[in-house]
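Only this structure's heavy atoms are used, side chains among them; waters, hydrogens and symmetry mates stay out. Naming: A, B, ... by sequence-line order, numbering from 1 per chain.
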Amino acid sequence: MNQELPKAYDPSSIEEKWAKFWVEERLFDVATPAGEADPDKTFVQLLPPPNVTGRLHMGHMLNQTEMDILTRWHRMRGDTSVWVPGTDHAGIATQMMVERQLAAEGTTTRQQLGREAFTERVWKWKEQYGSAITDQMRRLGASVDWSREYFTMDERLSRAVKESFVRLYEQGLIYRGAYIVNWDPQIQTAVSDLEVESEERAGSLFHIRYDLADGSGSLVIATTRPETMLGDVAVAVNPTDERYTAFLGKNLILPLVGREIPVVADDWANPEFGTGAVKVTPAHDPNDFAIGQRHNLPSPNIMDERAHIKLEGSPYDGLDRFEARKRIVADLEAAGHLVTIKDHTLTLPVSQRTGAIIEPRLSMQWFLKIQPLADKAIEAVDKGYIKFTPDNYRKTYGEWMKNIHDWCISRQLWWGHRIPAWHCGDCGAINVSRETPTDCTRCGGAKLVQETDVLDTWFSSGLLPFTVFGWDGSDKLTPDLAAFYPTQLLVTGFDILFFWVARMIMLGCHFMLDVPMPDGSQRTLADAVPFREVYIHALVRDADRQKMSKTKGNVIDPIEVVTKYGTDAVRFTLASQASPGTDIAFSEARTEGYRAFANKIWNAARFLQMQIERGHEAGYKVSLGAHDSISLELPEQTPLETRWIFARLSTVCADVERSLADYRFDEAANAVYQFFWGEFCDWYLELVKLRLEFTAEKNEITALTLGALVSVFEAALRLLSPFMPFITEELWHALYASVGNESPAKSIALTRFPQAGDFANDALSVEAMNTLQELIVTVRGLRKELGVPEKEATPIQVHANNRISALADANSDMLARLARVSSVELVHEAPTGNSARATANFDVAVIYERQIDVVAERERLEKDLAKYDKGLQAAERQLNNEGFVAKAPAHIVEGLKKQAAETRALKDKAQAALDALPAV
RNA sequence: GGGCGGUUAGCUCAGUUGGUUAGAGCGCCUGCCUUACAAGCAGGAUGUCGGGGGUUCGAGUCCCUCACUGCCCA
């Protein structure tokens, strides 16, 4: 005999064991299908790759819990289920991490090391620490295919990135040019629009007087950034602004500098803002840059890559931009040019990665011409080739796509995919090439220097849906692509909808159109998409609905909570609240509740183990052969409660299935919870105690019940398994061990997901059980009211129709067990008085000689009466309404009539009971 | 400024195409160590569905409006 389960559920003692087992046994690795894959039986999804520098946070855990539930569910349904994990090289984050490490060591800097040695260092860092986050995933039991794990800088993926760049360039979709970009002066690279956040801060609006060159007067401009005046090339006023008409075409003398600059008319100048006159600094402001273009103005750059003033000979040369501002304002004041300083709230662009204030900077960058790609991406969603859940993200996506800007894909970093372009030292031509070129294609010169920029990290992650399946740019259909592309689903957060989701759609639609279908035919847009569906989940907040943030200090570490309550409980908490579009307020109290749920199941398993043991000793054998315990044919003598539990199991299976198909993790989790605790444990386990008398002479009912008990529990474990993989794995193996059968699979995760059709669904027994449950609950309530001591059994009287009377009579053993009923007397008149209670289905009285609390009873009855009155009035109001009777569907009218009649009867009975109450 | 969402029990949230008298979990109150489980069992209380107006026989659900609130974009 197997060893007994410990008395209380202790997740720490089982989880690591199974997590390790799943990985070591390679249970979730999927080989490429040999023949043609059936798309309807294939479930493929890509894990949104966490940063290699990352640690798991609650958002990851929610994301992965949802993905894991879906993957485990599909796998158990027999689908080829591939969940591909990997990590992102995270250009900026990783480079920063290593630079910080260098700084801490204090011996060298990135610049001193040089590019090659530095990237070596980063690789070393990656080898040492890069698996931290995937190790956390392993611990949490994510059922990913580790054999397919990738890193975005892997040789194979890098080749694909290079190829896609070259092709986009050859297609004329990549260009290089000097534009204003968002410059992060801390890490000293351009970042994309998406990587910039705006923050409101208190600042000042400086009014500065610029004198006319002809000495005929002056004009006052307003600016929030006086230090950029060193790069001013004009002052703009609105052409409609009459205050400045006379100034147009004249020149101003730039204070402190002495340079002459023109006054130009431009619509951008807002007469309402400041003084209506704005300085124009094309190299340091995107709007000014546009003005400069319109008026053919030069764009002198006055800052270096650290955002320090770079103006040889200037007294401000070398100063940090904010220091320069102070000095310039002081000097302006001294020179009498500072008119006033007003308080002003300004919106500052801040780098998402470093927190540094972005410096708009004119610089040479690589761009991806996005419109042609966006057009296809818009079409793919409009035509329904990709479905969003919740649906409103379709609109968000569409809006963004329609207003999309060209994508700045170059980064001035050392860690990343280096752009495959070589500059010719002789003629300046750009050579974009798959292989390192030896001479310039234009002039034949050999002085080729590779571009130093790398590609935006999102460029490579945007290719993942096909690069992970072996796409190398050759348009060859690899076996993995044939079997697994497009993937079925992408589960992710809305924060990377534009960063990643939209880019995968654009790049997928672009490149995959050229890869043929498995049958050799031309691929259409419908099959070029990277995924069929996108499920966008919400944010995990703290228990008070506050966004988690390091500064607020309310960040919940999933690993800590998991250590405290178990992975299953945390997963269940997240799942039970994961309703599409709703943020999750994560509260430990709730997790505690789901640990209690796990404990409940644990103890149910112990109960079963004890019964199986008792059975064994008495010679009752149970067997659990196949894991798909199909119990469609119930023997005739099967007791009511067993018929009922099978029917309920069947219905719940259908409910869970439907909910999961709709991404209603909350509904699915709650259905399993309710079934396991509220029906299986609360009712079925109590009722089977009646049957499990292991007499020496074999009792058919006992044998049958024991078999059913084990079979229902085993199926329920499978139903719960996608949600709580650890405890179900443990108990499932323990159950087979108790029974003495070898388990039919290495893991419960490889068994069949229970289906509604697997179990007999006897509707009549459900109805009968419902009535009995109602009777039991009513009697329990009455007993409490009458003050019957818990342990004392009492007789009851029941008045009901023949069917219900017979039911109560035949199941008096249930009533005895669950409601302490000593005997059931069927009576012809409805019992009245203090110890009676009326329901729509029956009247019941508990026979007990004790004075009740008249005051409390009166209060209760009056409350009931009020409730019945209210209901009755509502019903009558409708029934007396001709329009309602005429127009409402018949079943609604009939239902209401029936209900009204029942309510009237209950009301009369309550009134009678009230009248019968003795005066106080 | 533009767009999207939310407001239902003390808390966190469900509520399917409008249809009978609005639900769950947690918390709360009362009584129980009933040999699977006190991380438990049994019973109980709790809502003018944000305000106002409209459509309809019928509105938590649809429309308008106001208030509060969150997010995204500029």
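- Side chain of A:Thr903 to backbone of A:Leu872: no donor-acceptor contact under 3.5 angstrom is found.
- Proximity of a side-chain donor or acceptor of A:Asp583 to a complementary backbone N or O of A:Leu539 within less than 3.5 Å is detected.
- Taking atom P in both B:rU55 and B:rC73, one finds a spacing of 41 Å when rounded to whole Å.
- Remark: C1' of B:rA36 and CZ of A:Arg606 are 6 Å apart, rounded to the nearest angstrom.
- Using a 4.0 Å heavy-atom criterion, one finds that A:Arg664 contacts the sugar-phosphate atoms exclusively.
- Separating the CG atom of A:Asn603 from the C1' atom of B:rC37 is a distance of 3 Å, rounded to the nearest angstrom.
- Between A:Arg614 and B:rA36, a side-chain N or O to OP1/OP2 separation shorter than 4.0 Å is absent.
- Looking only at atom types and distance, the side chain of A:Asn841 has no donor-acceptor partner in the side chain of A:Thr839 under 3.5 Å away.
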Each nucleotide N or O in nucleotides 72-74 of chain B that has a protein N or O under 3.5 Å away: list the pair and distance.
none

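- Contact check of residues 669-680 of chain A against RNA chain B (heavy atom, cut-off under 4.0 Å) returns A:Tyr673, A:Trp677.
- Atom-to-atom, CZ of A:Arg780 to C1' of B:rC32 comes out at 13 Å; the value is rounded to the nearest Å.
- For the segment residues 6-14 of chain A, the set of residues with a heavy atom within less than 4.0 Å of an atom of RNA chain B comprises A:Lys7, A:Tyr9, in numerical order.
- The side chain of A:Arg595 contributes no N or O atom lying less than 4.0 Å from OP1 or OP2 of B:rA39.
- For an aromatic pair to be called close, the ring centres must be under 6.0 Å apart, and A:Phe388 with A:Tyr393 fails this.
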- Strand RNA chain B in bracket notation, Watson-Crick/G-U under 3.5 Å with | for pairs to another chain: (((((((..((((.....[...)))).(((((.......))))).....(((((..]....)))))))))))).
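- In this structure, A:Asn403 reaches neither bases nor backbone, as no heavy-atom distance under 4.0 Å exists between it and the strands shown.
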- Message: Is there a salt bridge (charged side-chain N to carboxylate O under 4.0 Å, His left out) between A:Arg820 and A:Glu790? Walk through the geometry before answering.
- Response: CA-CA 8 Å; A:Arg820 301 261 184 193; A:Glu790 295 272 344; over 6 Å; no
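- Taking atom CG of A:Leu731 as the reference point, atom P of B:rC37 lies 15 Å away to the nearest angstrom.
- Not less than 6.0 angstrom separates the ring centroid of A:Tyr565 from the ring centroid of A:Tyr594.
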- A:Asp662/A:Arg664 under salt bridge (charged side-chain N to carboxylate O under 4.0 Å, His left out): CA gap, chis, key distance, verdict: CA-CA 5 Å; A:Asp662 292 339; A:Arg664 288 303 304 261; over 6 Å; no
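- The phosphate of B:rG25 (OP1 or OP2) has no side-chain N or O of A:Ser576 nearer than 4.0 angstrom.
- Residue A:Lys791 has no polar side-chain atom (N or O) positioned under 4.0 Å from OP1 or OP2 of B:rU34.
- Place A:Lys867 and A:Ser587 on RNA chain B by their nearest nucleotides, and A:Lys867 ends up nearer the 5' end.
- Of the listed nucleotides (B:rC41, B:rU12, B:rA36), B:rU12 has the atom at the smallest distance from the side chain of A:Ala585.
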- Message: Set out, in order, the CA-CA distance, both residues' side-chain angles and the distance that settles salt bridge (charged side-chain N to carboxylate O under 4.0 Å, His left out) for A:Lys564 and A:Glu592, then state yes or no.
- Response: CA-CA 9 Å; A:Lys564 201 163 161 196; A:Glu592 211 178 323; over 6 Å; no
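- The gap from the C1' atom of B:rG47 to that of B:rG15 amounts to 14 Å, rounded to the nearest Å.
- No donor-acceptor pair closer than 3.5 Å links the side chain of A:Glu679 to the backbone N or O of A:Arg648.
- For A:Glu686, whose side chain is taken as the heavy atoms from C-beta onward, the closest listed nucleotide among B:rU12, B:rC37, B:rU21 is B:rC37.
- Of the listed nucleotides (B:rU12, B:rA36, B:rC4), B:rU12 has the atom at the smallest distance from the side chain of A:Arg590.
- Nucleic acid contact class of A:Lys402 (heavy atoms, under 4.0 Å, all strands): none.
- A straight line from CG of A:Asp583 to C1' of B:rC4 spans 13 Å, rounded to a whole angstrom.
- Around atom CZ of A:Arg614, more than 12 heavy atoms belonging to other residues, nucleotides or ligands sit under 6.0 Å away.
- B:rU34 and B:rG43 have their C1' atoms separated by 15 Å, with the value rounded to a whole Å.
- Closest to the side chain of A:Lys395, from the set B:rG15, B:rA39, B:rC4, is B:rC4.
- Here the side chain of A:Arg820 is nearest to one of B:rU21, B:rG25, B:rU34, namely B:rU34.
- Across all strands shown, A:Ile601 has no heavy atoms under 4.0 Å from either base or sugar-phosphate atoms.
- The main-chain N or O of A:Ala671 is never found under 3.5 Å from a side-chain atom of A:Asp655 such that the two would form a donor-acceptor pair.
- The side chain of A:Ala596 sits closest to B:rA39 out of B:rC37, B:rA39, B:rA14.
- Nearest to the side-chain atoms of A:Ile892 among the listed nucleotides B:rG19, B:rU34, B:rU20 stands B:rG19.
- Within the 6.0 Å centre-distance limit, the rings of A:Tyr535 and A:Phe665 are counted as a close aromatic pair.
- The distance between atom CZ of A:Arg394 and atom P of B:rC4, rounded to the nearest whole Å, is 13 Å.
- For A:Asn392, counting side-chain heavy atoms from C-beta on, the closest listed nucleotide (B:rC4, B:rA36, B:rG43) is B:rC4.
- Going from atom CZ of A:Arg783 over to atom P of B:rC32 covers 14 Å, rounded to whole Å.
- Ring planes of A:Phe597 and A:Phe676: perpendicular class, angle over 60° (limits at 30 and 60°).
- Heavy-atom distances to RNA chain B give each of A:Ser579 and A:Asn599 a nearest nucleotide, and the one nearer the 5′ end belongs to A:Ser579.
- In summary, the side chains of A:Gln911 and A:Tyr868 do not present any donor paired with an acceptor at a separation below 3.5 Å, with no hydrogens or angles considered.
- When heavy atoms are screened at a 4.0 angstrom cut-off, A:Gly593 is found touching no nucleic acid atom at all.
- Other residues, nucleotides and ligands place more than 12 heavy atoms under 6.0 Å from the NZ atom of A:Lys689.
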Please list, for nucleotides 44-47 of chain B, all pairs of protein and nucleotide N/O atoms separated by less than 3.5 Å.
{"unit_1": "B:rA45", "atom_1": "O3'", "unit_2": "A:Lys863", "atom_2": "NZ", "d": "3.3"}
{"unit_1": "B:rU46", "atom_1": "OP1", "unit_2": "A:Lys863", "atom_2": "NZ", "d": "3.1"}

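- The NZ atom of A:Lys600 sits 14 Å away from the P atom of B:rG25 (whole-angstrom rounding).
- When heavy atoms are screened at a 4.0 angstrom cut-off, A:Gln577 is found touching the sugar-phosphate backbone but no base atom.
- Residues A:Glu359 and A:Arg225 are in side-chain contact: their nearest non-hydrogen atoms beyond the backbone lie under 4.5 Å apart.
- For A:Arg595 and A:Trp677, the positive end is not near the middle of the six-membered ring at less than 6.0 Å and at most 45° from its axis.
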N/O-N/O pairs, protein side and nucleotides 54-58 of chain B side, under 3.5 Å:
{"unit_1": "B:rC57", "atom_1": "OP1", "unit_2": "A:Lys887", "atom_2": "NZ", "d": "2.1"}
{"unit_1": "B:rC57", "atom_1": "O2'", "unit_2": "A:Asn881", "atom_2": "OD1", "d": "3.4"}
{"unit_1": "B:rC57", "atom_1": "O2'", "unit_2": "A:Asn881", "atom_2": "ND2", "d": "2.5"}

